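Worksheet: one structure, shown below.
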Amino acid sequence: MTFGKGHHLHLIDGSAFIFRAYHALPPLTRKSDGLPIGAVSGFCNMLQRYVEANTGDDAPTHVAVIFDKGSHTFRNEMYDQYKANREAMPEDLRPQIPLTREATIAFNIACEEKEGFEADDIIATLAVQARAAGGRCTIISSDKDLMQLVGDGVEMFDAMKNTRIDREGVHAKFGVYPESVVDVQALAGDSVDNVPGAPGIGIKTAALLINEYGDLEALLERAEEIKQPKRRQTLIDHAEQIRLSRKLVLLDENTPLDFTLDDLEVREPDPEKLLTFLAKMEFRTLTKRIADALDAEAPVIADAPPLPDAPKMADVPFDAEQYEHVGDTAALQKWINAIYEVGYVAVDTETTGLDEMTADLVGISLATAPGKACYIPLIHKANRGDDLFGGDELAEGQMPLEEALKILTPMLEDPAILKIGQNMKFDAKIFAQIGITVAPFDDTMLMSYAQHAGLHNHGMDALSERYLNHTPIPIKPLLGSGKSAITFDKVPLADAVKYAAEDADITLRLWQYLKPQLHTVQVTKVYETLERPLVPVLAAMERSGVKVDRDTLSRMSNAFAQKMAGLEDELYGLAGRKFNVGSPAQVGEILFDEMGLEGGKKGKTGKYATGADVLEDLATEHELPARVLDWRQLSKLKSTYTDALQDHINPDTGRVHTSYSIAGASTGRLASTDPNLQNIPIRSEEGRRIREAFVAEEGKTLVALDYSQIELRILAHIADIPALKEAFARGDDIHAMTASEMFDVPMDEMTSDIRRRAKAINFGVIYGISGFGLARNLRIPRAEAQGFIDRYFERFPGIRTYMDDTKKFAKEHGYVQTLFGRKIHTPEIASKGPRAGFAARAAINAPIQGTAADVIRRAMIRMPDAIADLPATMLLQVHDELLFEVEKGSEDKLIAAAREVMENANDPVVKLDVKLTVDAGTGANWAEAH
DNA sequence: GACATCACG
DNA sequence: GACGTACGTGATGTCC
């Protein structure tokens, strides 16, 4: 049947169907394997509704669903910015795109696309062909870009609103008839597709001009005649840009197609094919509905296996006896071959200790499938080392270290082999010590963290119990504890093989479970852009370390010791007896029982509270609590900093190497341990001097860059507070502005005390403010504090909305999210009692703190490339600050490069209404640089 | 190992 | 209407 008079062609805009389906439905997943399926489900429903609605007299004789293909089209050749600001496709939609093609074919509807052409061009070409053949055409879409085609037998149909769009409909939308639509669009431009148009001219003005001058060329030629000076100038100045815009919006009616209208004839669906597809997708309701409609038997869809709460990976039971001891090159080569067959391998290293800077590699374990794992011991000793004689001999059954590494290194560095680890930063640092760069890799700890931050910890033991129902072999019995503890190289080989290989086996099984779950939970982007790429960056920073001057610390320790001794004598005199100043219990007894001071409050454990806030209140009246406070400050500085930091100076490097936990803090922040370099004193003058011991190497300088008020800026954006946003845009003192707004004090009459109160309130808001908390912080009556908060909400109403919405979201979903999609779970928000209060405040704080954490993570990930050409190293991160060491003379270049990265770290995935700004400082030590 | 305390953002 | 409350961390010393 040749398409001609009396025939009616339907063209369905496939992409529009997909996006509508995607956004209309919650993120559904296929029960059996977690494949995201929401958009496919919606798409099928829309197709079925379409089929049901088009059976009558006006049913089409021909029909096709038209899709876009490829993101690069001839329009990009004309204008490289075309559709440039379009957001990336959501991670969970991407895998559904091919399934919508499958669905169309399953419905037995023609499914057409062409590489390098937009669906709109194909639709234009077919519509014009149908019209030329004397038939009719209906375009199932409401896209305004297609409206230029309407008329003379071509109509559009908005399937959502169930309305036809004819020439009059187009006129209602554009103010002109279809033949002039491209002229109007060329002038008005389109922000969605990034078509520039004429600045300042919208659809209304454009229609006015076209109606007056006839068409675009006439208008541009006679632009001089326009009366309004601004409009005239715009058209003259941007004539070329407007002409380009017209080319961009004009659809190509001559798309070369490898099919004809006749190929699109309506066909009956094959019930078996269609139902098989729907059953495969596990659409229970839809399968039944369509089976009824087709008068066919609905296939049975098996119930999904129990996932994900109690996954039983018992198909392959754990059996430590099956693990292989690899002791020679032939055996190792067999493993390498097996790895190349599957393309991935779980890797775990055993070492002499937990400090990657000082630990030595003892052995390597590998796993390629559940239950299939081995251990390659490298430098195990022949005995436990408790033998007085001959403790250094190597055990039998080990190949020489170099020989093993010669075989393993190409695999570990092969871009085609994925290395899977649990906490890969540890293993990467161990390998880095011997010059091996492990890449590419996956990290099961970070996969768990990306999915379940806030729910549980992400150590191997916890994950193995939770997902594999298996308790890993404990390390304690192998190593012993206390003074008699041994290192792993002294563990007998038979035991070592079982323990080490099992770790690789567990890691591989965890990966098999957690990797597909990333999609289901929709945190693939988080894992791939915020977690995994941070590993090599942190590994490098930790290995760099920061130079700490032992003499400075040692002198300070001595000075503190002397002062403390003096204070102790003074305190004994005041108390009338000797006591342990470091014992809060004894301090409490002396203050409240022996001296009889008022206001002693006992806590849960029946002891008096003697925290700094309590002692500060007493210190105004009495000498003893004041001196205890002095002593405590010195004691803290000495024990935690000037003493302990000396012990952390690495003898080989002369530097201190902290370790950052990526998956520790629930909000996405890093945490620094062994030692913690994120809490080096700065607030007190005395403590701040400890930073003088953090120094630059000879010939170098320390550079510190920190985000200015990043959390408040993020709050201003997230809660959408115009007054705050404007203040940041002006560069105002944000706390003074808040104070001025709240207390009606003009900015030039601001006092430091009023500003201090406003500052406390600003921080309170970030923490999920309460009247009680603010009252305690400011030491004012609770009612007064509540008054401040009420006033704050009145002046900045978006804050209350944000807090209420966030709590509601957390209660509904059990988690909250950062702007970058990081999920922070708050399970306790559902509980009763005070725990729910804690959880609610944490939920309010988490998106703000977490977004700030995401921002600096992004900056850190981009930093190595940005400063690659500079003689500079990134050393430390302190939540909103980055510390660098740079050769003298290159400070300015470093600051410029690093600031650029930090201030734009949100780009391009998140647009912020508030600019991020970064302050910089330089100096020979950290005190100067900050 | 729990608890209190205090250092940081 | 009472209940307890600022958010997120890590290290240290005391005491059981």
Side-chain angles (χ1 to χ4, degrees), chain A residues 453-454 579-588 602-616 628-629 631-645 647-648 658-661 664-684 686-688 690-691 706-707 709-712 715 760-778 782 785-786 789 803 806 816 824 826 832-850 852-853 856 876-881 930:
Chain A
F579 67 102
N580 186 345
V581 190
S583 163
Q586 293 183 32
V587 170
K602 291 190 177 176
K604 298 180 257 240
T605 48
K607 293 191 179 94
Y608 292 111
T610 69
D613 49 345
V614 177
L615 296 194
E616 271 164 32
V628 171
L629 282 170
W631 185 92
R632 279 188 184 167
Q633 193 198 6
L634 295 173
S635 164
K636 180 81 175 182
L637 295 179
K638 181 170 186 294
S639 68
T640 309
Y641 301 104
T642 57
D643 285 354
L645 275 175
D647 299 334
H648 282 287
T658 184
S659 177
Y660 289 100
S661 15
S666 60
T667 54
R669 271 196 178 179
L670 301 178
S672 160
T673 63
D674 310 302
N676 182 354
L677 294 187
Q678 289 182 321
N679 71 345
I680 303 303
I682 190 166
R683 291 175 188 168
S684 79
E686 206 144 27
R688 190 189 189 104
I690 289 170
R691 295 194 174 216
D706 65 290
Y707 283 107
Q709 308 283 10
I710 186 167
E711 293 196 350
L712 274 175
L715 172 73
I761 299 167
N762 274 334
F763 278 109
V765 167
I766 292 175
Y767 297 151
I769 200 158
S770 77
F772 187 94
L774 182 65
R776 203 176 60 170
N777 190 286
L778 285 178
R782 199 176 148 174
Q786 192 54 54
I789 294 170
M803 294 174 97
T806 307
V816 292
I824 297 125
T826 56
K832 294 254 177 272
R835 297 172 133 216
F838 277 110
R841 289 192 298 274
I844 289 166
N845 173 261
I848 304 167
Q849 188 183 117
I856 197 164
L876 299 178
Q877 188 250 43
V878 192
H879 308 308
D880 64 357
E881 171 187 354
H930 194 281

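No experiment lies behind these values; they were computed from the predicted model shown. Naming convention: chains lettered A, B, ... in sequence-line order (proteins, then strands); numbering from 1 in each chain.
Remark on DNA chain C: of its neighbouring residues A/His879 and A/Phe772, the 5'-side contact belongs to A/Phe772, judged by nearest-heavy-atom nucleotide.
Note on A/Ser672: every side-chain N or O is 4.0 Å or more away from OP1 and OP2 of B/dG9. Between A/Arg782 and the phosphate of C/dT5, there is no side-chain N or O to OP1/OP2 separation shorter than 4.0 Å. For the pair A/Thr667 and C/dT9, the criterion of a side-chain N or O lying under 4.0 Å from OP1 or OP2 is not met. At the phosphate of C/dC15, OP1 or OP2 sits under 4.0 Å from a side-chain N or O atom of A/Ser583. OP1 or OP2 of B/dG9 has not a single side-chain nitrogen or oxygen of A/Asn679 nearer than 4.0 Å.
The backbone N or O of A/Gln877 sits less than 3.5 Å from a side-chain atom of A/Tyr660, completing a donor-acceptor pair.
Rounded to whole Å, the separation between the C1' atoms of C/dG4 and B/dC6 comes to 23 Å. The separation of B/dA7 from C/dC3, taken at their P atoms, amounts to 33 Å, rounded to a whole angstrom. When the P atom is used for both C/dA6 and B/dA4, the distance is 13 Å, rounded to whole Å.
Nucleic acid contact class of A/Arg776 (heavy atoms, under 4.0 Å, all strands): sugar-phosphate only. A/Ile848 comes within 4.0 angstrom of nothing in the nucleic acid, heavy atoms only. Within 4.0 Å of A/Pro834, counting heavy atoms only, lies no atom of the nucleic acid at all. A/Ile682 comes within 4.0 angstrom of the backbone, heavy atoms only, and of no base.
Base-pair partner of C/dC15: B/dG1 (Watson-Crick or G-U wobble, both distances under 3.5 Å). Applying the Watson-Crick and G-U wobble criteria (two distances, each under 3.5 Å), B/dC8 pairs with C/dG8.
Side-chain contact check for A/Gln849 versus A/Ile824: every heavy-atom pair is 4.5 Å or farther apart. Under the 4.5 Å side-chain criterion, counting only non-hydrogen atoms from C-beta, A/Ile769 is in contact with A/Ile761.
Remark: A/Arg669 engages A/Glu711 in a salt bridge, criterion side-chain N to carboxylate O under 4.0 Å.
Interface remark: the A/Arg632 side chain does not form any donor-acceptor pair with the C/dG13 base, using a distance-only criterion of under 3.5 Å. Contact of A/Ser770 with C/dT5 (side chain to base): a donor-acceptor pair of N or O atoms is detected under 3.5 Å. Side-chain to base pairing of A/Arg835 with C/dT5: no donor and acceptor N or O lie closer than 3.5 Å to each other.
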